[in-house]
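To keep things clear, I will list the structure first and then write my remarks on it.
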Amino acid sequence: MHVVLSSVPDGVLLTPLTDDGDAIPAADATAPLRTVTTVPRAALSAFVANLEESHPRWVWDDTSAWYPALLADGVRVERCVDLRLNHAILRLSSQTAGSSLARSPYGPWDIAAATAQTPASHTALFDIFDDEPEVDAAADPVAELRLQKAALATAPESGSLGLLLAAESAGALIAAEMRFAGLPWSVDRHNDLLTELLGPRPRAGERPAKLEAVLARVREELEAPELNPDSPNDLLRALRRAGLIVSSTRSWELKKLEHGSIPPLLEYKKMSRLLAANGWHWLDTWIDDGRFRPDYVPGGVVTGRWATSGGGALQLPKQIRGAVVPDPGWKLIVADAAQLEPRILTGLSADKRMAEAGRGDLYEGIVASGAVATRAEAKVAMLGAMYGATSGDGGRLMPRLAKAFPQAIAVVEAAARAGERGEIVSTRLGRSSPPPGGLWWAAQGEGNDVAASEADQQRARGQARSWGRFTRNFIVQGSAAEWALCWMAGLRNRLWAMADGDLTERPHLVFFLHDEVVVHAPEHLADRVAEEVRAAAADAGRLLFGRMPVDFPVTVAIVESYADAK
DNA sequence: TACCCCAGCGCG
DNA sequence: AAAGCGCGCTGGGGTA
């Protein structure tokens, strides 16, 4: 059974539907909810908790708008349909391009997708709007659900695409649950780490002692007593005045220089970054009650990866991971999918030789195949293949990979060529890349014009290749994101089944980082959690690639601190 | 004051 | 090692 939730003036409207999206037949006396019902807001959680016993699929416009209030009332739900997230997938998927949904004008269900994409350069969707689209208060979730079901029915691979929709929605539940539970964070540990690395917390507006000390050395070496090291302009001028030839103040460029100012300057940059990004101010702002609660944004990246907003949750530097510690009597189980993206490529291409190389450590396997000499080379070559390296070590080594594993490399090359032509590519489960925007097509048009200048042609070629690198990576990164969603969704169910009680009394997910998860669990269950993590990974591999023998090994660490995991 | 963009760097 | 994917965040420096 589906139960659709929507807001009405006097509360929440609940519409029970069959799994096909039809009204519950009058003759069906077994349905737990048989008629459209209005429930006051204050009574919603209890009503949902009660109905949850019959395992319905809750349907709502936006999980992040509905679920936190339920969680706050102690209500965890098993399944949902997040209409906005699923709409975004169906709107763009090549598989549903002919559906009514894909052909309908842009409306309220597109807002999430459009706004999520505006900061990036992928403005294809947003180009369609002249202005911010107006929110249609009457956007009917029942009608939208039916539109989505009809769209899915037109998909040639409706099983895969349906799996993606379910996984995306499960991800939305997980995101809300992780925020609710929070990542256990020790303010004291964090403060200790900062004090050790930067010196004691300074008064407002002052630099910590250790920063001040290295800065003094930089100023002395550069003979620039007034230098503002945080201003790239100022710093660049000072470096040049000292006779150094530099084009920027990037660390990797500075590292190549021989000068007394460089070591303290690099130290300063490292420390100053920590202070600005994850210093005391961050601690005051983001840690509440011993928990870090970032705002996860499922589907926030075009490829289907999650984004976060606020707190920089996906960029927690390794330096401060020591502050992530479990509650007393609990453990952190940190699990990382080893070499996920190359293994995803193995599955996408069904390359048996690469699958064989991936029996153990994939990079060692590539070395053993004779393609390259060292593990480091194997890694660089693999990354080069997936990102589209054209020069450097990656560009040099990638052709050797193509020789040893032609089937796998052909898949990313084909995706790149498609992108260069402005075509759409899709992930394993059917998430499609956005089309290139109007500016891109305009540049191609100018470059192909008979009267095109050399510069026009170069610009067109450059942009075409750039879009090709995007589509090349899209199929791998996007399919990896799907694998990770399936992994987490499966793990979520397994963890729930391990114990009784509220969400945070059982083993539960507290962090997710593209190919890595952290579970917070009572100590006596930690070993079993580790097993479930591995089993869920194997399930995810089968969900995406069926009986294709691709291994997805997971490294698991049971630790007292996130910093202790590898 | 409010916003915008850039440079730089953290993560995968 | 420094070119090749996807992000978010900060402080500087500019404009309105």
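Below, chain A is the first sequence line, B the second, and so on; all start at residue 1.
- Taking only side-chain nitrogens and oxygens, A:Thr390 comes nearer than 4.0 Å to OP1 or OP2 of C:dG4.
- Within the 4.0 angstrom heavy-atom criterion, only backbone atoms of the sugar-phosphate kind lie near A:Leu316; the bases stay farther away.
- Residue contacts shown for A:Gly311 are limited to sugar-phosphate atoms, with no base heavy atom under 4.0 Å away.
- The side-chain heavy atoms of A:His520 and A:Leu332, taken from C-beta on, include a pair separated by under 4.5 Å.
- When the options A:Arg472, A:Lys379, A:Arg305 are evaluated for a salt bridge (Lys or Arg N to Asp or Glu O under 4.0 Å) with A:Glu341, the one that passes is A:Arg305.
- Remark: A:Glu223 CD is loosely packed, at most 12 non-hydrogen atoms of other residues, nucleotides or ligands lying under 6.0 Å away.
- Heavy atoms of A:Arg465 sit nowhere under 4.0 angstrom from any nucleic acid atom.
- Both tests do not hold together for A:Arg343 against A:Phe552: distance to the six-membered ring centre under 6.0 Å, angle to the ring axis within 45°.
- With sequence neighbours excluded, the residues that form a side chain to side chain contact (heavy atoms under 4.5 Å, CB included) with A:Lys210 are A:Met271.
- The stretch residues 266-283 of chain A comes close to DNA chain B through A:Lys269, A:Lys270, A:Arg273, each having a heavy atom under 4.0 Å from the strand.
- Straight-line distance from the CG atom of A:Leu485 to the P atom of B:dG12: 18 Å, rounded to whole Å.
- Atom CD in A:Gln315 sits roughly 11 Å away from atom P in B:dG10 (whole-Å rounding).
- Taking the six-membered ring for Trp, A:Phe292 and A:Trp282 have ring centres closer than 6.0 Å.
- Smallest separation of non-hydrogen atoms from A:Glu516 and A:Tyr562: OE2-OH, 2.6 Å.
- At its two ends the helix from B:dT1-C:dA16 to B:dG12-C:dC5 runs along axes set 0° apart, each axis drawn from five pairs and the angle rounded to 10°.
- Between A:Asp393 atom CG and C:dA1 atom P there is a gap of 8 Å when expressed in whole angstrom units.
- Among the nucleotides C:dC5, C:dG6, B:dC9, the one closest to the side chain of A:Thr303 is C:dG6.
- Among pairs with a residue in residues 225-274 of chain A, none fulfils ring-ring contact (aromatic ring centres under 6.0 Å, His included), at least two apart in sequence or across chains.
- Heavy atoms of other residues, nucleotides or ligands lying less than 6.0 angstrom from CD of A:Glu226 number 12 at most.
- No side-chain heavy atom of A:Ser561 sits less than 4.5 Å from a side-chain heavy atom of A:Arg321.
- With centroids closer than 5.5 Å and planes inclined by less than 30 degrees as the test, A:Trp252 and the base of C:dA2 pass as a stacked pair.
- Minimum atom distance to the side chain of A:Asp230 is reached by C:dG11, of the listed C:dG11, C:dG6, B:dC9.
- Residue pairs meeting the salt bridge (charged side-chain N to carboxylate O under 4.0 Å, His left out) criterion with at least one partner in residues 273-295 of chain A, sequence neighbours excluded, are A:Arg201-A:Asp284, A:Arg291-A:Asp327.
- You'll find a donor-acceptor pair under 3.5 Å spanning the side chain of A:Arg305 and the base of B:dG12, going by distance alone.
- Nucleic acid contact for A:Gly394: none, since no nucleic acid atom lies under 4.0 Å from a heavy atom of the residue.
- No side-chain heavy atom of A:Ser466 sits under 4.5 Å from any side-chain heavy atom of A:Trp440.
- Using atom C1' as the reference point in both B:dG12 and C:dG4, the two lie 15 Å apart (nearest Å).
- Across all strands shown, A:Gly312 has heavy atoms under 4.0 Å from sugar-phosphate atoms exclusively, and none from any base.
- Out of C:dG8, C:dG12, B:dG12, the shortest distance to the side chain of A:Gln477 is found at B:dG12.
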Please produce a list of atom pairs where a protein N or O lies less than 3.5 Å from an N or O of nucleotides 13-15 of chain C.
unit_1, atom_1, unit_2, atom_2, d
C:dG13, OP1, A:Ser231, OG, 2.3

